[in-house]
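These notes are about the structure you will find just below.
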Amino acid sequence: MEPFPVLPSVEVVVRRARWVRFCPEAVESAVARWGGELQCAGTWDEPFHFADGTEETARWIFVLDVLNHCFWPDPGEPVWGVELEGTFYSGYAGLAAALKKAHLRGVPLTDAAYLATLPEEDLKRVFSGRGSIPLFAERVHNLREAGRVLLERWGGDVVRIIEAAEGSACRLASLCAREFPSFRDEAELDGRTVYFWKRAQIFAADLAAAFRGEGLGAFRDLARLTAFADYKLPQVLRELGILEYAPELAGKVDRRELLEPGSREEVEIRALTVWAVERLKEAFHRAGFAQVTSSRVDHWLWSLGQLEPFRKRPYHRCRTIYY
Ligand SMILES: Nc1nc2c(c(CN[C@H]3C=C[C@H](O)[C@@H]3O)cn2[C@@H]2O[C@H](COP(=O)(O)O)[C@@H](O)[C@H]2O)c(=O)[nH]1
């Protein structure tokens, strides 16, 4: 079985956590109160998702997940977003909508040679809408880097990497983290490496959703993926009383102060998030939902995060290319 370093590295952080506390007593009540919102695995049937059942969809999803991070604006700035078929989408949906529009307009985003020398002006046009997308320069850099790596090592085609994973989501995530520096979502804490691999893992989950578990989305070990440690899940877990921040950290988060990427506070928030999802998964199993995976618990929490009751207090702010 593919060694997968995320959980073991996270457990070490949990044991030594100082800024964030995991409250096991809140887990059962969260499942009891909100478990009914648990849908089937992440659906791809959204107007902002591109899906044509071919390899082009896999290449499009790869570009989506190179860019699937950090959408919130600086204080006083408008939220970035784009219009698609008459609807305004922001955040992740805005990114997907922008990339779908571009693809349908014939922008060759799925061509590695085009990505490797991507003109800034082209990407500016792809993201044109309301406000401006954060970390634009990093996004240009990461797309060019991805294009270069695909050309140099994978025949210019991310489908080769999916095939090299031979049906293992864990191996696909590990390959992406190894091949693409922008996917290497890791932190050093107390002399140890903590692995999150959020965009690498969500790439496999998105393929599985888009291809309904068939073909390029067929993975035998999706159940081994962990939560995708983003900024929405901790916000929901905190509202559910499952994560508690030390007063000093709570103050920073509630004042929307930026946390340093790789800081102990940020790494603990993300590690406890991954850990809490494992404990919620076990609670769902105890409640009779035997098939629930961490990805489904993730999707459940992420969907709750779109509802008002979970947006009362801000999520933590960290300007990062990883989530
Ligand atoms: N943990 C977790 N994080 C997720 C997602 C998704 C979307 N996945 C879709 C794909 C197939 C299904 O249809 C899913 O719905 C985006 N994100 C992260 O959230 C943040 C954006 O939030 P907001 O500003 O509100 O759009 C940002 O860090 C983004 O990377 C998820 O599923 N899990």
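Note that the coordinates shown come from a computational prediction; the quantities given were computed from them, not determined experimentally. By convention here, the first residue in the shown sequence is residue 1. As the structure lists them, so they are numbered: ligands from 1, and atoms in each ligand from 1.
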**Request:** Check the angle between the aromatic planes of Tyr323 and His316 and answer parallel, tilted or perpendicular using the 30° and 60° thresholds.
**Result:** tilted
**Prompt:** Angle class for the Trp275/Phe22 ring planes (parallel below 30°, perpendicular above 60°, tilted otherwise)?
**Reply:** perpendicular
**Prompt:** Is the gap between the ring centers of Phe183 and Trp197 under 6.0 Å?
**Reply:** no
**Prompt:** Under a heavy-atom criterion of less than 4.0 Å, does Ile202 contact ligand 1?
**Reply:** yes
**Message:** Any salt bridge linking Asp254 with Arg238? Criterion: basic side-chain nitrogen under 4.0 Å from a carboxylate oxygen.
**Reply:** yes
**Item:** Within-cut-off N or O pair, Tyr323 and ligand 1, under 3.5 Å
**Value:** no
**Asked** Should Asp190 and Arg264 count as an ion pair when the cut-off is N to O under 4.0 Å?
**Response** yes
**Fill in**
A student comparing Tyr231, Tyr92, Trp300 should find that the heavy atom closest to atom 20 (C) of ligand 1 comes from Tyr231
**Asked** Do side-chain atoms of Arg319 reach the backbone of Leu135 as a donor and acceptor pair under 3.5 angstrom?
**Response** no
**ligand 1 to Asp230 polar contact by distance, N or O atoms, under 3.5 Å** = yes
**Prompt:** Is the closest heavy atom of His49 to ligand 1 under 4.0 Å?
**Reply:** yes
**Request:** Using a strict 4.0 Å cut-off to heavy atoms of Lys198, name the atoms of ligand 1 that fall inside it.
**Result:** 18 (C), 29 (C), 30 (O)
**Request:** Provide the number and element of each atom of ligand 1 under 4.0 Å from a heavy atom of Trp44.
**Result:** 10 (C), 11 (C)
**Asked** Hey, does Phe228 come in under 3.5 Å of ligand 1, counting only N/O atoms on both sides?
**Response** yes
**Asked** Does the pair Glu239/Arg313 count as a salt bridge with the N-to-O cut at 4.0 Å?
**Response** yes
**Message:** Taking distance alone, with N or O pairs closer than 3.5 Å, would you say Arg311 contacts ligand 1?
**Reply:** no
**Request:** Check ligand 1 against Gly91 and write out every atom of the ligand that is under 4.0 Å from a heavy-atom position of the residue.
**Result:** 24 (O), 26 (O)
**Prompt:** Of the listed options (Val236, Asp298, Asp206), which comes nearest to atom 32 (O) of ligand 1 when hydrogens are ignored and any heavy atom counts?
**Reply:** Asp298
**Request:** Measure the acute angle between the ring planes of Trp72 and Tyr315, then classify it against the limits of 30° and 60° as parallel, tilted or perpendicular.
**Result:** tilted
**Asked** Are Phe284 and Trp300 near enough that their ring centres are under 6.0 Å apart?
**Response** yes
**Message:** With respect to Trp302, determine whether any N or O atom, backbone or side chain, lies less than 3.5 Å from an N or O atom of ligand 1.
**Reply:** yes
**Message:** Would Glu46 count as being in polar contact with ligand 1, using the rule that some N or O on each side must be under 3.5 angstrom apart?
**Reply:** no
